Amino acid sequence: MAEKLIIIDGVTVGRGTGVKIEDNTNVSSEDTFDGPVLSGMAKTSYSVEISKIIAPDVESYMELRDILKSMKTEKKEVTIKETVRGNDGTTYTISQIFLRCLVESYSKELNVDSLTSETVKFSAEDLDESAERN
C-alpha cells in the first residue's frame with residue numbers, strides 16, 4: 001500500500017480521495033507528399049485535479065480557501081508525494097512538484113450521506129519530478 005501526500009502552497013492537505021495528473025502535450029501533424037510528419041513540443045503544461053478534499057477542521061478549511069482564492073491570480077506550487085513499499089521491504093518516495101500553478105476550476109459537493117467535499121483542478125507551467133529510496 002502506498003502513502004500519498006498532497007501539499008498546496010506549503011500546506012499539507014489530507015483527506016483527498018484521488019489525484020489525476022495530465023501532461024498537456026500538443027502534437028501537430030502536417031501532411032506531406034511523403035506522408036504525415038509529427039511535431040511535438042519540448043515543454044508542455046500540466047493539469048492536476050485533486051478530488052474530494054475534506055478539511056479536518058475549520059482552521060484548515062479557512063486556510064485552504066484563502067490559498068485557493070489567491071491561486072486564481074498568484075502562481076504557487078502543488079506537490080504530490082507517494083511513498084511506495086515494495087514486496088522486498090524497500091521503500092521509495094516519488095515527488096512531483098508542479099510549478100507556477102493557477103486554479104483552473106473548483107467545485108464543491110454537498111451531500112446528505114457524506115461530508116462536504118471540494119474538487120480543485122490546477123494548471124501548472126512546469127514539473128520537477130524525483131524519486132528516491134528511503
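In this text the structure is predicted, and so the values were computed from the model without any measurement. Residue indices begin at 1 and follow the sequence shown.
Pairs engaging residues 22-33 under the salt bridge (Lys or Arg N to Asp or Glu O under 4.0 Å) rule: K20-E22 [sequence neighbours left out].
You'll find the side chain of E109 reaches within 4.5 Å of the side chain of K52, heavy atoms only. Using a 4.5 Å cut-off on side-chain heavy atoms (C-beta onward), I53 and V120 make contact. Residues D128 and F98 form no side-chain contact, since every pair of their non-hydrogen atoms from C-beta on lies 4.5 Å or further apart. Using a 4.5 Å heavy-atom cutoff, the side chains of R85 and E3 are in contact. At a threshold of 4.5 Å between non-hydrogen side-chain atoms, the residues K69 and V103 do not count as touching. At least one side-chain heavy atom of I6 sits under 4.5 Å from a side-chain heavy atom of I80.
Atoms CE and CG, from M71 and D9 in turn, are 6.5 Å apart once rounded to the nearest 0.5 Å. The CD1 atom of I8 sits 9.0 Å away from the SG atom of C101 when rounded to the nearest 0.5 Å. For the atom pair T119 OG1 and I50 CD1, the distance stands at 9.5 Å (nearest 0.5 Å). Here E82 contributes atom CD and S95 contributes atom OG; the two are 10.5 Å apart, rounded to the nearest 0.5 Å. To the nearest 0.5 angstrom, S70 atom OG is 10.0 Å from K72 atom NZ. A distance of 8.0 Å separates CG in L127 from CD1 in I21, rounded to the nearest 0.5 Å.
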Could you list the donor-acceptor pairs under 3.5 angstrom formed between side-chain atoms of residues 59-68 and any protein atom two or more places apart in sequence or on another chain?
unit_1: S60; atom_1: OG; unit_2: D57; atom_2: OD1; d: 2.8
unit_1: Y61; atom_1: OH; unit_2: K108; atom_2: NZ; d: 2.9
unit_1: R65; atom_1: NH1; unit_2: Y106; atom_2: OH; d: 3.4

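Not counting sequence neighbours, the partners of E74 by the salt bridge (Lys or Arg N to Asp or Glu O under 4.0 Å) test are K76. Partners of E125 according to the salt bridge (Lys or Arg N to Asp or Glu O under 4.0 Å) rule, which considers only residues two or more places apart in sequence or in another chain, are K75, R100. When the salt bridge (Lys or Arg N to Asp or Glu O under 4.0 Å) test is applied to K81, no partner is found at least two apart in sequence or on another chain. Looking at residues two or more places apart in sequence or on another chain, you find a side-chain hydrogen bond (donor to acceptor under 3.5 Å, both in side chains) between D88 and T90.
Under a hydrophobic-cluster definition in which Ile, Leu, Val, Met, Phe, Trp and Tyr are linked whenever side-chain heavy atoms come within less than 4.5 Å, directly or via other members, I97 and V48 are assigned to different clusters. Under a hydrophobic-cluster definition in which Ile, Leu, Val, Met, Phe, Trp and Tyr are linked whenever side-chain heavy atoms come within less than 4.5 Å, directly or via other members, V11 and L99 are assigned to different clusters.
Residues T83 and T93 have side chains that bring a donor and an acceptor to within less than 3.5 angstrom of each other. If you check the side chains of T44 and N24, you find no donor sitting under 3.5 Å from an acceptor.
Shown here for S47 and K121, the closest heavy-atom pair between the two residues is CB-CE, 3.7 Å.
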